2 protein chains.
Amino acid sequence: MKDFNKLSERQRNILRYMEDYVAEHGFPPTIRQIGEATGINSTSVVNYNLNKLVQAGYLSRSSHVARGLRLVVEVPGGKKAARLAVQAAATNFQVPLYGSIFASEPVPVPEDYYPEDNVEVTPAMLGGVDPAEAFALRVKGDSMIDAMIREGDIVILRSQTTANNGDMVAVWLEDRSETTLKYFYRDGGRIKLQPAHPEMQPIYVDPAVCSIRGKVLSIIRQL
Amino acid sequence: MKDFNKLSERQRNILRYMEDYVAEHGFPPTIRQIGEATGINSTSVVNYNLNKLVQAGYLSRSSHVARGLRLVVEVPGGKKAARLAVQAAATNFQVPLYGSIFASEPVPVPEDYYPEDNVEVTPAMLGGVDPAEAFALRVKGDSMIDAMIREGDIVILRSQTTANNGDMVAVWLEDRSETTLKYFYRDGGRIKLQPAHPEMQPIYVDPAVCSIRGKVLSIIRQL
DNA sequence: AGTATAGATGAACACCCGTTCGGTTGTCAA
DNA sequence: TTGACAACCGAACGGGTGTTCATCTATACT
């Protein structure tokens, strides 16, 4: 259960403005419009608070997209309900399943394959990421054990070729001809890939042979 | 009444794409996205046709505004109706979260505690179990590593005191004062508890000191 | 034939807009 | 005091995005 009162005054104002703006215009406002309407002078602060709201489950965002905002819950005190956006986001999403992920083969990515099935996920499992950017893979073999992932698990990813420190990423290591899921860190000129298992050692690779295929959003294991 | 057939093929495609895109993303597409989706190579042609559609009363535009488009009528053959029907059928369940599961403490079970939160799950994650019998626990500490479960994972369980061979169960071992998640097998007069990690050894316990608290239905890990 | 008009093309332009980064302030705990 | 952290600011960067323009083709009309 979301608690609207846990948010800061600014964040509540942002949500109300979002709802009003969408109701009036049919599309979301820009960061600068939000800042102007809520008395925030810097676009980075608006951005900062928007990310907080995503984290709290009130919004979802599409990165690098103009007006790439969606409300995912109804906002108390808003003038009208933005019906379409709320309905599209308040229920489950169907995420395309592009096949299986092996240690010994590259990751199937949406650009190269057709989906073979759909996986149903809740909005929380996408962490605010645009559903259109997400895809799913089934894990084959026990080679991902160091990532605490088992045969049969479903991995939900966001398709991307770069990553931030601390992200869990699916990478293809060209020199080893190996796909792996590990935590990503930049370490000087190299890349450190840290297994999720706390007792296992990280590996260090050259960025040139480490191609990122996606960021892991969540993992589902059904027994 | 507008006559949909008076429009050109391209213009009808634009309207259908508009509706699908808005339904999926919650905000309108850009001119270039429309062009790519409808096989128009030049942004100016999209612009041209959009103005035609405005003139015909199908759209309204906000000039010099990114994604400044709105549909003003419903489009025959759009996906909107189908999408809503699918979403309505695929409802989520709210499963109560009864707290955290430690290795060193008994499992919180619905009879003894009040839920502190709800977890949203898809029907598939309950595996056909009555939602009223399901509950959720948050994993604390890395003591469940032998079950391939990490700190922060959410475990969905069905409350029950017996189990079948092959079920993953949450058990309280009285003699060890320990809670654990393992695969359950009857082995003669004893109970065999097999860790999920394939390289770890099973333990054998006396049924008298092994109290089953629930059967694991699924596990969610959000990163 | 000559001409007007609708539709289309590709390129260029200029502003819009999300993102990032270095730095500041205030609060709270050690 | 010191350090860590959340919140905030201002500025700059670079790609996104609507707009405009010169040009071309095809059709219909005079």
Side-chain angles (χ1 to χ4, degrees), chain A residues 5-15 17-18 21-22 25-56 58-71 127-130 132-133 158-167 184-186 215, chain B residues 6-15 17-18 21-22 25-56 58-70:
Chain A
N5 296 314
K6 281 286 199 295
L7 301 173
S8 74
E9 182 63 27
R10 280 189 163 177
Q11 288 161 2
R12 286 195 294 272
N13 287 339
I14 288 174
L15 288 180
Y17 177 69
M18 271 281 298
Y21 189 98
V22 172
H25 294 86
F27 47 82
T30 67
I31 283 185
R32 284 169 177 81
Q33 287 173 325
I34 293 172
E36 191 175 350
T38 58
I40 299 177
N41 295 317
S42 176
T43 58
S44 61
V45 177
V46 178
N47 191 49
Y48 174 85
N49 282 292
L50 287 176
N51 287 331
K52 287 286 174 187
L53 288 168
V54 169
Q55 199 176 329
Y58 287 88
L59 294 178
S60 91
R61 300 185 74 181
S62 301
S63 55
H64 295 94
V65 166
R67 302 170 191 269
L69 294 166
R70 289 173 295 290
L71 284 166
V129 166
D130 187 342
E133 297 173 350
R158 174 179 184 275
S159 183
Q160 59 185 53
T161 56
T162 60
N164 294 322
N165 284 344
D167 289 349
F184 175 94
Y185 297 94
R186 276 176 242 280
K215 168 183 160 186
Chain B
K6 280 286 197 296
L7 301 173
S8 75
E9 181 65 26
R10 283 190 159 177
Q11 288 161 1
R12 287 195 292 273
N13 287 338
I14 289 174
L15 288 179
Y17 176 70
M18 271 282 298
Y21 189 98
V22 172
H25 294 85
F27 47 82
T30 67
I31 283 185
R32 283 169 180 80
Q33 287 174 325
I34 293 172
E36 191 174 350
T38 58
I40 300 177
N41 295 316
S42 178
T43 59
S44 61
V45 179
V46 179
N47 192 49
Y48 173 85
N49 282 293
L50 286 177
N51 288 331
K52 286 287 174 189
L53 287 168
V54 170
Q55 198 176 328
Y58 287 89
L59 295 178
S60 77
R61 297 186 77 182
S62 303
S63 60
H64 295 94
V65 166
R67 302 169 190 272
L69 296 165
R70 283 174 299 287

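Letters A, B, ... mirror the listed sequences (proteins, then strands); counts begin at 1. From a predicted model like this one, the values you see are computed outputs, not experimental measurements.
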Of all heavy-atom pairs linking A/Gly68 and B/Phe27, the shortest is CA-CE2, 3.6 Å
Please list, by residue number, the residues of residues 38-46 of chain A whose heavy atoms come closer than 4.0 Å to an atom of DNA chain D; answer none if no residue qualifies.
A/Ile40, A/Asn41, A/Ser42, A/Thr43, A/Ser44, A/Val45
To the nearest 0.5 Å, tell me how far A/Tyr58 OH sits from A/Arg12 CZ.
9.5 Å
Over how many whole Å does the gap from A/Asn47 atom CG to D/dA12 atom P extend?
19 Å
Quick one: is A/Lys52 getting a side-chain N or O under 4.0 Å of the D/dA6 phosphate, OP1 or OP2?
no
To the nearest Å, give me how far apart CD1 (B/Ile34) and C1' (D/dG16) are.
15 Å
Identify the 5'-most and 3'-most nucleotides of DNA chain C with at least one atom closer than 4.0 Å to a non-hydrogen atom of chain A.
C/dC17 to C/dC21
Judged by each residue's nearest nucleotide on DNA chain C, which is more toward the 5′ side, B/Val65 or B/Tyr48?
B/Tyr48
Could you grab the distance from atom CG of B/Asn47 to atom CZ of B/Arg61, nearest 0.5 Å is fine?
4.5 Å
For A/Arg32 and A/Asn49, take the nucleotide of DNA chain D holding the closest heavy atom to each; which residue's nucleotide lies nearer the 5' end?
A/Asn49
Under the 3.5 angstrom rule, does the side chain of B/Arg67 hit a backbone N or O of B/Pro28 as a donor-acceptor pair?
yes
Provide, to the nearest angstrom, the distance between the NE2 atom belonging to B/His64 and the P atom belonging to D/dT19.
5 Å
Hey, what do you get for CD1 (A/Ile34) to CG (A/Leu69), rounding to the nearest 0.5 Å?
5.5 Å
Would you mind reading off the distance between B/Leu50 atom CG and D/dT20 atom C1', rounded to a whole angstrom?
15 Å
Mutual orientation of the aromatic rings belonging to A/His25 and A/Tyr21 [parallel < 30°, tilted 30-60°, perpendicular > 60°]:
parallel
OP1 or OP2 of D/dT17 less than 4.0 angstrom from a side-chain nitrogen or oxygen of B/Arg67, does that happen here?
yes
Looking only at non-hydrogen atoms, find the nearest pair between A/Ser62 and A/Arg70 and report the distance.
OG-NH1, 3.3 Å
Between atom CZ in A/Phe27 and atom C1' in D/dG18, what is the gap in whole Å?
13 Å
Identified side chain to side chain contact (heavy atoms under 4.5 Å, CB included) partner of A/Asn49 from the options A/Thr38, A/Ile31, A/Ile14, A/Leu15:
A/Ile14
Starting at CD of A/Gln11, measure out to CG of A/Leu59 and round the result to the nearest 0.5 Å.
9.5 Å
